[in-house]
Amino acid sequence: MGVWKKTQCNFCALSCGLEMEVENNKIVSVRPDPDSPRTHGYCCRKGRTAKYFVDHGDRILHPRKRVGDHYEEISWEQAYKEIAEKANKIIADHGPRSFSILGCALGSAQTPYATAKSLLAAVGSQYMFNPIGIEFMGNWWSHGKILGDQMHFMEPDDHNNEVIIYWGSNSYVSHQIPDARKVCREFSENPDKMVIVVDPRLSETARMADMHIMPALGSDSLFLRALIALILEKGWENKQYIDTYVADWARAKRWFEGIDIDEYLRVCGIPRQQAEDFARILTTKKWGMHQDLGLFFGRHNTMSSYLCIILTVICGMALVKGGSVVPECVIERGTFCDEHNPKTWRAPVTNRFPVLNVFPVGIIPDEILGNNEDRIRVMFTSMGNPLRSYPDSNKMKEALEHLELLVAIECTETEVTRIADYVLPGRTTYEGNGDFNAFTLNYPEIVFQSRKQVLTPVGEPREDVQIFAELTEAMGLIPKLPQYLYKAAEKAVLTGDRMAYFVKLLGWTAAGHLKNFDQLATVIALTLGKAYGSAARAISWAGMLTSPICGKGLVTAKYDKKKHPVLSRMPMFKDWCQMDAAFELVDNHPEGAIIGMNDPDNMLKNHIRTKDKKFHTWCEEIDEYMKRITPEAEEEDLTLKGGCNFILSAGRHSDDGMNATMRNPATFKYRQPYTLAMNPEDAKEMGFANGQMVKVSTKAGELEIPVEYTWQTSRGYCMIPHHFGYTFQGKKIGEHVNVLTSHKDIEELTGNPVWRYTPCRVEAI
């Protein structure tokens, strides 16, 4: 029998609590953790397959470098020395814009971001690419414009909602909200609650809904504009709330006045009566909305997110109990990026800008392959596989092979590790100690987790967060650290008094040894991380001390004054001491811990971050864009052209799919998730038998795939899952859907890919 150990899933932002049975240093079984304060004994299928992510036939265990057409194993010292020399020369010759970093985060493992950002800042570059630049650009930019805050975003207060709305979301299968299936069932089965789904598909969640609204493919923004106009026409908006909390509604509401609502609804394919019923519920019930990839990857995805926030505001459901609320962040996910600030970079070829420090990933090929002198020439990747997960795999591969230096930090073989110049073995999150999830989505509790080591690493892998710190050191981008910092770190670990180390660290920093504050993460990783034997654990502590909730009275963790003698000399340290106590609490509970409570009574005050503390619903970029969201223009644009006969959704959540663990085909031994999901009536009209191989082609590429009949897919719509088209132990498994998506097909305001609306041609082979 093995030993059961508590940890968390790392495959999405929910970080469900898990218990893993470990025997002979292998995970033999996984079950949900009933003691998890985050998910209370719940997890989805992805977490249960974690053993395939760790015990993997294509694990990378030693550093290596490309020599001609093959790889040779090298030492860590040689790898660091050569990478540093090559990167420094390229940066010296071409400037900081030549340097970029990609990845640094699994769904719930964001620790490497701290030292990666530190390295980026030390170089003087702003080029960070990661999953934020795939799905959240439009949503978080919209929150920044309206609320003045890109880091916090609204989600349903499902404890107090009367109605929960899933827009472009199949949460029963894709999850993405805490305890997803429990919540879906509760709202579906409770006669006093409602589920409303807005989705062209008859998904698993839609089948549970009290109301299922099916807008025509790609018409979400058109429908949202009509819906808001309908509410205003009826006079159903919450006028008192608007007068109190909205600064510029008189200007923004012009977008919705005098439009032909019936014509909008006709193009959307939505009956007027259903739209009115929906509008009445929105203006008489307490509701929260969860948006997901159907909206984030759809046409006009930034506009759709923007209009969803406006809808929430005019109904008086933004930042109020029973409406859409903001769970507090324990660890910052980034800082606000104002694209109009001259200090904020714009990519020279595409003119794109970052949101929360991250650039849209679709610009990568153009920014590498351009003829401009300041093109991207160096890329360090960590926990990222852009040749499968990002748009336009073929063009992305061409771009990455064009780099002058590509370094991949990975725990398993990927398409990127097979073309990189250097490959550095990272640990899985179950072999490290202290990795955290920056998405603290619980409400009203503030829950935080820090993973404990479940498995002993085999080979030479290191924590990604440590690798970035050591690369920064090897590149000479951090000053020589004094011995007293190392000794203070050792004493902190020995005595448990980390604040004494903190005082010395602040003193050294105040003496002006660092270029900028971001570099502090590297210093902590190299000193306290060394003492702990885990850079991730040290960064977890540092992240909590610099938490945006520090000093706000939300944290309930208590500190012992006797354990913090620094307070007798420096009482102003009390807030940091409290966060240190919160770290201690989490560090001692591998299942995670409740460290504080959100403040529902002051959410409007705390999370409207504009200068005048009011929502700003009008902005110039949206004003220009809105002029094109008309029935005439949309009807023309929604008409298929160029020989295309279907709309493809590049990506599909299903119970057969296992996210990143799909790299080991053992996860779907008894299933066939690699299919083209198609409505049976469409398939029969095309003459396709269930299981028949067909060819799917777009302007970017083509692939062959078997058809799967399913009534979940609406007419004219077909779906292919991500994560196939990979090589496992020398064998090619399926084809990757992103050979069909173009890096040019990104939303024009912020650059999210338009993956859920890709015109294609499906034909028999």
Between Thr750 and Thr302, does the side-chain hydrogen bond (donor to acceptor under 3.5 Å, both in side chains) criterion hold? Intermediate values first, please.
CA-CA 7 Å; Thr750 61; Thr302 298; 2.7 Å; yes
State, without any angle test, whether [X] and [Y] hold a side-chain donor-acceptor pair at a distance under 3.5 Å.
X      : Y      : value
Asn161 : Asp158 : no
Thr335 : Asn357 : yes
Asp392 : Thr741 : no
Thr350 : Glu367 : yes
Asp149 : Trp140 : no
Gln291 : Ser305 : yes

Between the side chain of [X] and the main-chain N/O of [Y], is any donor-acceptor distance below 3.5 Å?
X      : Y      : value
Asp248 : Trp618 : yes
Asn130 : Ile132 : yes
Arg375 : Ile368 : yes
Thr440 : Glu328 : yes
Asn752 : Glu135 : yes
Thr312 : Cys308 : yes
Thr205 : Ser171 : yes
Ser100 : Val378 : yes
Thr115 : Ser118 : no
Thr39  : Gly17  : yes

Before you tell me yes or no, could you show the steps for Leu14 and Leu441 under side-chain contact (heavy atoms from CB on, under 4.5 Å), namely the whole-Å CA-CA distance, both residues' side-chain angles and the distance that decides it to 0.1 Å?
CA-CA 7 Å; Leu14 295 181; Leu441 299 176; 3.6 Å; yes
Enter the distance from [X]:[atom1] to [Y]:[atom2] here, rounded to the nearest 0.5 Å.
X      : Y      : atom1 : atom2 : answer
Ser324 : Asp157 : OG    : CG    : 8.5 Å
Ser450 : Phe436 : OG    : CZ    : 8.5 Å
Leu638 : Ser219 : CG    : OG    : 6.5 Å
His152 : His607 : NE2   : NE2   : 5.0 Å
Glu620 : Ile622 : CD    : CD1   : 11.5 Å
Leu749 : Glu624 : CG    : CD    : 10.5 Å

Run Arg181 and Tyr42 through side-chain hydrogen bond (donor to acceptor under 3.5 Å, both in side chains) and show every step you take.
CA-CA 9 Å; Arg181 292 197 171 180; Tyr42 175 88; 4.6 Å; no
What orientation do Phe615 and Tyr245 show, parallel under 30°, tilted 30 to 60°, or perpendicular over 60°?
perpendicular
Could you tell me how the ring of Phe153 sits relative to the ring of Phe136: parallel (under 30°), tilted (30 to 60°) or perpendicular (over 60°)?
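Rings of Phe153 and Phe136: parallel, as their planes differ by under 30°.
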In the structure I gave you, are the side-chain heavy atoms of [X] and [Y] within less than 4.5 Å of one another anywhere?
X      : Y      : result
Met154 : Ile309 : yes
Val195 : Cys184 : no
Thr610 : His616 : yes
Gln150 : Lys145 : no
Ile228 : Phe223 : no
Phe296 : Arg756 : no
Met303 : Met626 : yes

Can Arg346 be said to sit on top of Phe353's aromatic six-ring, NZ or CZ under 6.0 Å from centre and within 45° of the ring axis?
no
If you draw the axis of the six-membered ring of Trp255, does the NZ or CZ of Arg225 fall within 45° of it and under 6.0 Å from the ring centre?
no
Is the closest basic N to carboxylate O distance between Glu445 and Arg38 below 4.0 Å?
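Salt bridge between Glu445 and Arg38, a charged N being under 4.0 Å from a carboxylate O: no.
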Using a strict 4.0 Å threshold on nitrogen-to-oxygen distance, state whether Lys117 and Glu332 make a salt bridge.
no
Could you give me the CA-CA distance, side-chain angles and deciding distance for Trp167 and Asp292, then say whether side-chain hydrogen bond (donor to acceptor under 3.5 Å, both in side chains) is met?
CA-CA 7 Å; Trp167 201 306; Asp292 210 337; over 6 Å; no
Pairs flagged by salt bridge (charged side-chain N to carboxylate O under 4.0 Å, His left out) wherever residues 741-753 is involved - sequence neighbours left out
Asp366-Lys744, Arg628-Glu748, Lys699-Asp745
With Trp755, the side-chain contact (heavy atoms from CB on, under 4.5 Å) member among Asn738, Leu293, Leu648:
Asn738
Lys613 atom NZ, over 12 foreign heavy atoms within 6.0 Å
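Check passes, neighbour count above 12.
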NZ of Lys614: more than 12 outside heavy atoms within 6.0 angstrom?
yes
Steps toward side-chain hydrogen bond (donor to acceptor under 3.5 Å, both in side chains) verdict (Ser15, Gln449):
CA-CA 9 Å; Ser15 200; Gln449 304 155 313; 2.9 Å; yes
Evaluate Leu295 against Asn301 for side-chain contact (heavy atoms from CB on, under 4.5 Å), listing each step before the verdict.
CA-CA 6 Å; Leu295 201 74; Asn301 48 63; over 6 Å; no
Working note: Ile165 + Leu282, criterion side-chain contact (heavy atoms from CB on, under 4.5 Å); need CA distance, chi angles, decisive distance, verdict.
CA-CA 10 Å; Ile165 300 166; Leu282 291 171; 3.4 Å; yes
Test ring pair (Phe, Tyr, Trp, His ring centres under 6.0 Å) applied to His743 - qualifying residues, sequence neighbours left out
none
Go through it in stages, so that I can follow the logic: the residues are His300 and Ile629, the test is side-chain contact (heavy atoms from CB on, under 4.5 Å), and I'd like the CA-CA distance, side-chain angles, deciding distance and then a yes or no.
CA-CA 9 Å; His300 310 308; Ile629 308 298; 3.7 Å; yes
